[in-house]
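To keep things clear, I will list the structure first and then write my remarks on it.
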Amino acid sequence: MAELVKTMKNEVAWDVQKIRADFPILRTEMHGKPLVFLDSAASSQKPQVVIDALSNYYATQHANVHRGVYELSAAATDKFEEARSTVQRFINAEHDHEVVFVRGTTEAINLVAHSFGRKYLQPGDEVMITAMEHHSNIVPWQLVCQMYGAKLVVIPINEAGEINLETVKELMNDRTKLISIVHISNALGTINPIRDIVDMAHQADIPVLADGAQATAHGKVDVRDLDVDFLAFSGHKMFGPTGIGILYGKEKWLEELPPYQGGGEMIRKVTFEETTYNELPFKFEAGTPNIAGSIGLKAAIDYLDNISVEGMQSHEEKLLESATTQLLEIPGVKIIGTAEEKASLVSFVVEGIHPYDIGTLLDHQGIAVRTGHHCAEPLMDIFGITGTIRASFALYNTLEEIDKLVAGVQKAVKMLS
Amino acid sequence: MSIDEIQNEIVDEFAFFDDWTEKYEYIIDLGKNLPLIDEQYKDEDHLIRGCQSKVWLHAERQDQQVHFTADSDAMITRGIIAMLIRVLNDQPASDIASSDLFFIEKIGLRDHLSQTRSNGLTNMIKQMKMYGLAIEASK
C-alpha cells in the first residue's frame with residue numbers, strides 16, 4: 001500500500017504502482033491489450049484483501065447469523081456485527097444501529113422513500129431532488145409521490161452542472177417534506193454542497209438524504225460533519241463486493257420510520273393477528289443478510305483506512321486535470337459538467353460522433369469507458385444530448401492511462417471522420 | 001443469391017482484414033454508405049429503441065419478398081445494419097423468418113448483439129424476422 005511521503009514541496013506523493021499491485025484485475029487484458037479501466041464510477045475493482053476476505057469467509061467462517069446456538073454461527077454473527085461497527089466508524093455515525101445493511105444505494109433510497117412516504121407524505125406535500133440525479137434517486141420518489149399524491153420538485157442546474165443555493169431556498173416551503181440529493185453526480189462529477197443544503201433544510205425541519213454512491217471511494221464522508229439525516233451508498237463502488245450497501249439514518253428517524261420489507265430477522269413477535277418489530281437496525285433487515293458482502297465491505301474499508309486520503313485526492317486531481325486539458329485539445333470535444341467543485345471523472349461528447357462509436361473503438365484498444373445516458377436521462381435532456389462518453393478515475397489509475405485514453409479518442413475520431 | 005450465400009460472402013471478405021482497425025474502418029465505411037431510409041419513416045413508429053443507440057427500420061412487401069430500409073444514430077450500428085440489409089433484403093419472406101444469421105458471430109461482431117450493448121440491433125433482427133413471418137403467414 002502507498003505510504004504517505006512528504007516531498008520538499010510539501011506535496012503528498014502517491015505510489016500508484018504499489019496500489020495497482022493490490023488489484024489483480026489490473027494485470028489482465030481486454031482485446032489482447034493491457035486493461036485500461038476507466039469505469040470505476042460504475043463499479044470499482046477489488047483489491048486482493050477483499051477477494052481474500054470473501055473467499056476466507058466462505059471457506060472457514062460461514063453460517064447464518066443471529067440465530068445459531070453453535071460456535072460457527074456465533075463467530076459469523078460477530079464478524080457481521082464487526083463489519084457494521086467498521087462502517088459506523090468509517091462514516092463517523094454516532095451509533096452502530098444507525099447502520100443498516102442493504103443491497104446497495106438503490107435499495108437504501110427505496111427503503112427511505114417507501115418508509116418515509118408511508119408515514120409522512122400527504123397529498124400536496126413535496127419531495128425535492130436535483131436535476132442531476134441518477135434514476136435511483138428519481139424513480140423511487142416518483143413512485144411514492146404517485147402513491148400519496150405528493151409532488152416531486154426538481155432543483156435546476158446551470159450550464160456547468162451546478163445547483164444554486166438561493167434557488168434551493170426559494171423552492172423550499174412548508175409542504176417540503178424531504179430533500180434527497182446526490183453528493184457527487186455520476187454523470188457530471190459535480191460535488192454538491194451537502195452541508196449548506198442540510199443547514200438550510202434543518203432550519204425548516206426538513207430532513208436530507210444524501211446519495212453517497214460516488215463519494216465514499218474518493219474521500220472522507222462524515223455523517224456528523226455533513227449532518228445528513230440519511231446517507232445511502234454501495235460497497236461495490238468503493239472497492240468492496242457487489243450486492244452490499246449501506247443505509248445510514250439518524251437514530252431518531254430510523255426509530256420513527258415503519259419497516260420496509262417483512263420477513264425473518266426483523267420481527268420481535270409474530271402472531272397471525274399482529275407482529276411487533278425488532279429493534280434497530282434489525283427492523284430494516286428482513287431475511288438472511290449479505291453476510292459475505294458485509295465482511296468484504298469491511299475489508300475494503302480497512303484497505304481505505306490504510307491509505308492516505310490526501311494522497312489519493314491529489315493524485316485523482318492530477319488525473320482529472322490531465323484528462324480535461326488533453327481531451328479539450330481534440331477538435332470537437334466538449335466536456336459535459338464543468339463544475340467548480342468536481343470529482344475525478346470526465347463526461348464528454350465529440351461533435352458529430354455518437355458516443356457508442358467512440359466507446360466501441362476504445363474497447364478494442366483495451367480502454368473501458370461508459371457510454372450512454374448514465375442512468376440520468378432527464379439530465380441528458382437538459383444538455384440536449386442523448387448520452388456522453390464517461391471516463392471515471394480511481395486511486396489505481398495512472399497518468400499513462402490518461403494518455404492512452406486521449407490517444408484512443410484521437411484514433412477513434414480519425415476513424416469515424 | 002440466397003441468404004446463406006451472401007453470409008458466406010461477407011465472412012470471406014472479413015477474412016482479409018489483419019486487425020480490428022481495418023475491420024472497423026470497413027464497417028464504418030459501410031455505415032457511411034448505407035442507403036438512407038426515407039425521412040418520413042424516421043419516426044416513433046419505426047424506432048427500435050436501444051439504451052445506447054437508436055435504430056429505425058422500415059419494411060415494404062414486394063410480392064413474397066421484403067424490402068428493408070433502416071438507419072441508426074451511431075455509425076458502427078449503421079455499418080452492421082448495412083450488412084444485415086445486404087443479407088436479408090429482397091429475400092423470400094419465409095427465408096427471412098427462418099434465417100440463421102451466423103455471419104455475425106463468424107466475423108467477430110457477436111458482442112454488438114449482446115444484451116449489455118443494448119444498441120437496438122438485437123431487436124432489429126427480431127423485427128426483420130417478424131416482418132418475414134407476418135408476410136409468410138398472410139399468404
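In the text below, chain A, chain B and the rest are named by the order of the sequence lines, each starting its count at 1.
With a 4.5 angstrom heavy-atom cutoff, A:Ile353 does not touch chain B via any of its atoms.
For CD of B:Glu105, the number of neighbouring non-hydrogen atoms (other residues, nucleotides, ligands) closer than 6.0 Å is 12 at most. Within 6.0 Å of CD on A:Glu159 lie no more than 12 heavy atoms contributed by other residues, nucleotides or ligands. For A:Glu351, the CD atom counts as loosely surrounded, since its 6.0 Å shell holds 12 or fewer non-hydrogen atoms of other residues, nucleotides or ligands. Atom CG of B:Asp43 is surrounded by more than 12 heavy atoms from other residues, nucleotides or ligands within 6.0 Å. The environment of CZ in A:Arg20 is crowded: more than 12 heavy-atom neighbours from other residues, nucleotides or ligands sit within 6.0 Å. B:Lys23 NZ: more than 12 foreign heavy atoms inside a 6.0 Å radius.
Distance check, rounded to the nearest 0.5 Å: CD1 of B:Ile27 to OG1 of A:Thr360 gives 9.5 Å. Atom CG of A:Leu416 is separated from atom NZ of B:Lys32 by 7.0 Å, given to the nearest 0.5 angstrom. One finds the NE2 atom of A:His354 at 8.0 Å from the NZ atom of B:Lys54 (value rounded to the nearest 0.5 Å).
Side-chain polar atoms of A:Lys411 and B:Thr21 form a donor-acceptor pair below 3.5 angstrom.
Nearest heavy-atom pair, A:Asp357 versus B:Ile76, reported as atom, atom and distance to 0.1 Å: OD1-N, 2.7 Å. The nearest pair of heavy atoms linking A:Leu361 to B:Trp20 is O-CH2, 3.6 Å.
The aromatic rings of B:Tyr24 and A:His364 sit tilted, their planes meeting at an angle between 30° and 60°.
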